[in-house]
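A quick note: this is a predicted structure, and the numbers were derived from the prediction, not measured.
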Amino acid sequence: MTQPRTEPPEGQLPSARDDIALDTAALRVLAHPVRLALLNQLRRQGPATARQLARQFDLDSGAASYHLRKLAQGGLIEEDTGRGNRRDRWWRALHAGSQHDPAESGGPEGRAYSRAVALAAAENLRRAATQIVPVIADEWFAVSTFSDFTVHVTPDELAVLKGELAAVVARYRERPAADGSAPVIVQFQAFPAEGPAAPEPAP
């Protein structure tokens, strides 16, 4: 699914090689779906002000500024001092993406972050349904997809599946952008379709 393209100045988007492995402190900062959405927007579209982001996400500009400061304190974004002024501060992302391995850093912070990721993904789909699908160009609509699949796998097999799909996406992220390209959101969620079964009552 594509979003309307906004061409950032050359060098303003971090490279896919600059991904960050999230530590506990960063997981805590990103355990809020609004912060995650703002960070992802800066990563996709380049530097922006709090007021610009507030309009895009239907936020109060003060709330957007607060969340941006939290992201900066977590080392995920920084002020773009070459732009704007004291009244209109610009912010830019420091990394192209975030890496979180639940096997290494699960716990409450990892679960809270994963919950925020799921909520942000749901918001992306809502915005796609209301703002993008109705007006997307035919050539992009023809190659877009909204699909989900159910597979029966073991935990080990799911880990392999996740790695294989991530490798495919990585190939596209690391190559130079071709003429006629546009930012495209690729979402992949993988989790059990049901929670753990309730224990059998004691005889």
What pairs meet the salt bridge (Lys or Arg N to Asp or Glu O under 4.0 Å) rule with one or both residues in residues 146-171, with sequence neighbours excluded?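 Applying salt bridge (Lys or Arg N to Asp or Glu O under 4.0 Å) to every pair that reaches into residues 146-171, excluding sequence neighbours, yields nothing.
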Any pair with a residue in residues 22-55 that passes ring pair (Phe, Tyr, Trp, His ring centres under 6.0 Å), sequence neighbours left out, goes on the list, sorted by first then second residue, please.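 Listed by first then second residue: His32-His67.
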Is it the case that more than 12 heavy atoms not belonging to Phe188 sit under 6.0 Å from its CZ atom?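 It does: Phe188 CZ has more than 12 such atoms within range.
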Do other residues, nucleotides or ligands put more than 12 heavy atoms under 6.0 Å from the CG atom of Asp58?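 It does not: Asp58 CG has 12 such atoms or fewer within range.
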Minimum heavy-atom separation for Asp80 to Pro47, with atom names?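 For Asp80 versus Pro47, the nearest heavy atoms are OD2-CG, 3.6 Å.
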Minimum heavy-atom separation for Trp91 and Ala72, please, with both atom names.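 For Trp91 versus Ala72, the nearest heavy atoms are CZ3-CB, 3.6 Å.
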Could you tell me the separation between the CG atom of Leu42 and the CG atom of Leu53, rounded to the nearest 0.5 Å?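 Spacing of CG (Leu42) from CG (Leu53) equals 5.0 Å.
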Is a donor on one side and an acceptor on the other found under 3.5 Å between the side chain of Arg92 and the backbone of Gly46?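 Not at all, since once roles are kept as given, no pair shorter than 3.5 Å links the two residues.
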Donor-acceptor contact below 3.5 Å, side chain Arg35 vs main chain Leu71: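 No, Arg35 side chain to Leu71 backbone: no donor-acceptor pair under 3.5 Å.
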Just to verify, what does Glu79 make a side chain to side chain donor-acceptor pair (under 3.5 Å) with, not counting sequence neighbours?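 Counting only residues at least two positions away or on another chain, Glu79 forms a side chain to side chain donor-acceptor pair (under 3.5 Å) with Arg89.
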Identify whether Phe146 and Ile136 are in the same connected component of the hydrophobic contact network (ILVMFWY, side-chain heavy atoms under 4.5 Å).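 Phe146 and Ile136: one cluster.
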Check the pair Val34, Phe57 against side chain to side chain contact (heavy atoms under 4.5 Å, CB included), reporting the backbone distance first and the verdict last. CA-CA 9 Å; Val34 170; Phe57 290 93; over 6 Å; no
